[in-house]
Amino acid sequence: MSLDISATSAWQKLRAHHDQVADRHLREFFAEDPERGRELTVTAGDLYIDYSKHRVDRETLRLLVDVARAAGVEERRDAMLRGEHVNTSEDRAVLHTALRLPADATLTVDGQDVVADVHEVLTRMGEFTDRLRSGQWRGATGERITTVVNIGIGGSDLGPVMAFRALRHYVDSGVTARFVSNIDPADLVGKLAGLDPATTLFIVASKTFSTLETLTNATAARRWLIAALGEDAVAKHFVAVSTNAERVAEFGIDTANMFGFWDWVGGRYSVDSAVGLSLMCVIGREAFAEFLAGFHTIDRHFAEQPLESNAPVLLGMIGLWYSSFFDSDSRAVLPYSNDLGRFAAYLQQLTMESNGKSVRADGSPVSTPTGEIFWGEPGTNGQHAFYQLLHQGTRLAPADFIGFAEPTDDLATIDGTGSMHDILMSNLFAQTKVLAFGKTAEEIAAEGTAPELVPHKVMPGNRPSTTILAPKITPSVVGQLIALYEHQVFVEGVVFGIDSFDQWGVELGKVQALELEPLLTDPQAPARQDDSSTDTLVRWYRSRRGR
Ligand code: F6P
């Protein structure tokens, strides 16, 4: 039986406390507790995290931690780390944390030494990428490979895409990467434009090796290659990343050129498995090892720190505080770093495919809202787009701001004396300050503003945010950031009582698309669908396509 968290006394105490503090303003919280900006902070690895600008006092935090304890977060965490089958609906262990264990660690799960397995694949990946980067592995015409094209979707795409962009300064050996995911042919056609088949290597990444988009794109890519270099070139220009050797062989890729992983790695938790091969090709095995070490730093923090000073626990519980008690639907992720431009998109799969569920692990309906909607764009671009709503709108959207001390690039300002990175960071600090404290009608009137304009200019404040600062974007820091969110997802999922590691909700759409496709393409097929909307849409499309 799954626990109904809302029926526990810990939850009821939190609810009663919410009634007392819900209307209080961050200005009051700071006035009453002037040290909170220094003390409501936590350091995890290289990440300095300020959670003082949240609508919580120290009692709220205590009660949130009590709820986490009542939900069994510590026991579930330990069970996950031991390799118990915490993915209950698929009866699987959930061991992405094992992907970043050092080689001398030990973990035996279901009779298998998983650390040895992980490091065996990492070694093969390292050897392959060394050969590729040094020019030992050459294409069919004897030329060096200069571009790897990763073909994958969802978890087999978003992590490598995001990390490749974040770590562009670590691309160091003349090999670059492109990423194809969408079944829209515009993606493949656009990404192949300008590439020479003789210097291109495709990495087909798919956990199941049965995903329609990936197999269709890979087949089209193979046609493109064969048209230029002939059938025999495939062996030198295609490698695979998968858990399914049989299907890889059926597709025509030699399993000697396949890099495996295991069913205990969820797709959205797989960038640190062989799915990261494209990333390793461009940044090298040493930088990839640093990336994994970054994850591991946060894994240890999550495993070892008491809940009261455990960053993923605190941030996960604060996220849940707003979604469960303030009717807040979403969380904005606002990196003040252009290089993290795909971080929000990456987190969307991680968080929403994990926690977008309506029933608990035992099939009973949940009694709290689940699954915050994650969204966001890098600052300062977002400031000129949607921040208006964050500042003065009627909705509460807590935000995570992410910034770095050292820039990846810097330039002088207009007058040549300052640094553009300093301007970027001053914007980050200003936004979190204005969101929290706002500006009152009195303050605005005192500036001589015309009375009729005062209501328009009032900045209500009391808009919560977390600030996450790190020294610099490095492979390790990117790994730390990912792990910080992975474990928040876990914490929230345990409190909701759901299985955060399945994704049954994506299946029906795939099945119906397969059923509908012949109706779009076969002029003899009846268009009729059992609902009048889909029926009319199919007829509209067929008529435009002359069928
Ligand atoms: O459709 C959802 C999903 O199953 C994701 O969970 C997964 O990351 C993605 O598809 C791709 O799956 P695969 O790696 O098996 O091709």
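For ligands, and for the atoms within them, numbers begin at 1 and follow the listed sequence.
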Kindly compute the distance separating CG (N257) from CD1 (I203), expressed to the nearest 0.5 Å. 11.0 Å
What I'd like to find out is whether the side chain of [X] reaches to under 4.5 Å of the side chain of [Y], using heavy atoms alone.
X: F295; Y: L99; answer: no
X: T521; Y: R547; answer: yes
X: T351; Y: E492; answer: no

Near ligand 1 (heavy atom, under 4.0 angstrom), the protein residues are I153, G154, G155, S156, S206, K207, T208, T211, G267, Q349, E353, Q503, V506, K510
T211 side chain to E213 backbone, donor-acceptor under 3.5 Å: no
Centroid separation under 6.0 Å, is that true for the rings of Y485 and F343? yes
